[in-house]
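So the structure is just underneath, and the comments pick up after that.
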Amino acid sequence: MSAVPADSLHDRQQSKKAAASGWIGSALEYYDFFIYATAASLIFPQLFFPSNNPTVAIVASLATYGVGYVSRPIGAFVLGHWGDTHGRKHVLVLCMFLMGFSTIAVGLLPTYSQVGILAPILLVILRLIQGFAVAGEISGASSMTMEHAPFGRRGFFASFTLQGVQAGQILAAAVFLPLAHYMPADAFNAWGWRIPFLLSFIVIIVGYIIRREVDETPAFTAEEKQGEVARAPIVEAFATSWPDMLRVVCMALMNVIPVVTTIFGAAYAVQAAYGVGFHKDVYLWIPVLGNILAVVVIPFVGNLSDKIGRRPPIIVGAIGSGILSFGYLYAISIANVPLAIVMSLLMWGIVYQGYNAVFPSFYPELFPTRTRVSAMAISQNLGTAVTAMLPALFATVAPPGSTNIPLTIGAITLGITAVAALAAFSARETYRIPMKDLGQPRAVPLPKSDYERLRNEAMA
């Protein structure tokens, strides 16, 4: 019978600290990332890309959002290597500093009317740095939390990383809400939009204080002591884990759902060229409410994945959210705010979390400790990079004035989520495999009775 060592009090305290670190760090970093996304949809077309053709301005602004995803594979290679050779803790601190300083710099940028073409050039450069930094956040935080988690509780603990991401999105929209609502439009466009970016100094201070309190993970420390840390984890990952990396690339295409919800949806609802006419502050409540519900749902789904496995929630979440995207976009097209909110709560707040809450444990479990951060970071960010230009693509295939926008964008979305579901279906189940055996294609999971006993002990 396989045995898993019992957790000491120190281990359990570190499990909680790692989960808290993943939550807070991800919340702060994704606050930075998503205030840019919000600004790219709501105000950057007018400030950085003035044009007589509003469609050109919208496409250009949304393309700069996508640029952040283009640089993520590069960051994944660099930061993934760093995480597998220097440790999970070190790479997370590095990510935090890069993200914080680049976001503050966006808040200090001159606009097109002040410096001309230099303004969008600088904006793109800083977005590239943001994308580079965020590439190591999820893979590093997920690996750290999962490796610290008690056996049989990895899904639950790792889910807090993505709960933090949703909280960061809530914070990003919540900061914009009072500004967009109470400030005169001229003042908001002149300087009010800068406030959320400048507040990112909190990321640097709070994030560092939290993350310095977490120990390096037992799995990485054990390999370090035994001299088994990979010298070239990227090469090793491609050589030994390429089938699972390909699966993660395909599953990461699920990023299409947040793109539809918070990026294209915002432009479709708010930009005057589309003629829907949602007020900015009204629309901002849609992703806020969806994310509030997601924060509640995520730990329950993470815990469920410890009971029934990782694949079922991901498959149901992928297909279900793809189908619901039709209804969400239709609600926007008829300017029905209550219906748009209900569809957002269903699609984004509940169904999508079947994927979102589970991948932070499922992805790192597919790979061995030696190459875990590199393999996850590279494959996940390659997948999200594919979705990078979707906002601009959506605005191109369904520009202002076109018909059947919900049907066109919904069909693309469902097709992409179906690919993600098939990738999850083809993967092996990981939730009952001991830590030392993760990443081995022929690893034998613990018998269900042994697993339940150890899980119950961990929960006691």
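These values consider heavy atoms only, across backbone and side chains, with no hydrogens, waters or symmetry-generated copies.
- Side-chain atoms of S143 and R372 include no donor-acceptor pair closer than 3.5 Å.
- Residues S426 and R247 have side chains that bring a donor and an acceptor to within less than 3.5 angstrom of each other.
- Judged by distance alone, the side chain of R72 and the main-chain N or O of L382 form no donor-acceptor pair under 3.5 Å.
- Using a 4.5 Å heavy-atom cutoff, the side chains of F264 and L390 are not in contact.
- Summarising the geometry of T417 relative to G322, their closest heavy-atom pair is OG1-CA, 3.5 Å, with the distance given to 0.1 Å.
- The closest donor-acceptor contact from the side chain of D306 to the backbone of F156 lies under 3.5 Å.
- For an aromatic pair to be called close, the ring centres must be under 6.0 Å apart, and Y352 with W348 satisfies this.
- Between Y431 and Y451, the ring planes lie perpendicular to each other; the angle is over 60°, past the 30° to 60° tilted range.
- Between the side chain of Q166 and the backbone N or O of V295 there is no donor-acceptor pair closer than 3.5 Å.
- In this model, no donor atom of one side chain and acceptor atom of the other lie less than 3.5 Å apart for T384 and N255.
- One side chain, Q130 or T103, offers a donor N or O that lies under 3.5 Å from an acceptor on the other.
- Side chains of S26 and E137: a donor on one and an acceptor on the other come within 3.5 Å.
- Put simply, the side chain of S333 gets close to the backbone of Y330: a donor and an acceptor are under 3.5 Å apart.
- Between the side chain of E429 and the main chain of R311, a donor-acceptor pair closer than 3.5 Å is present.
- Here Y363 and F367 keep their ring centres 6.0 angstrom or further from each other.
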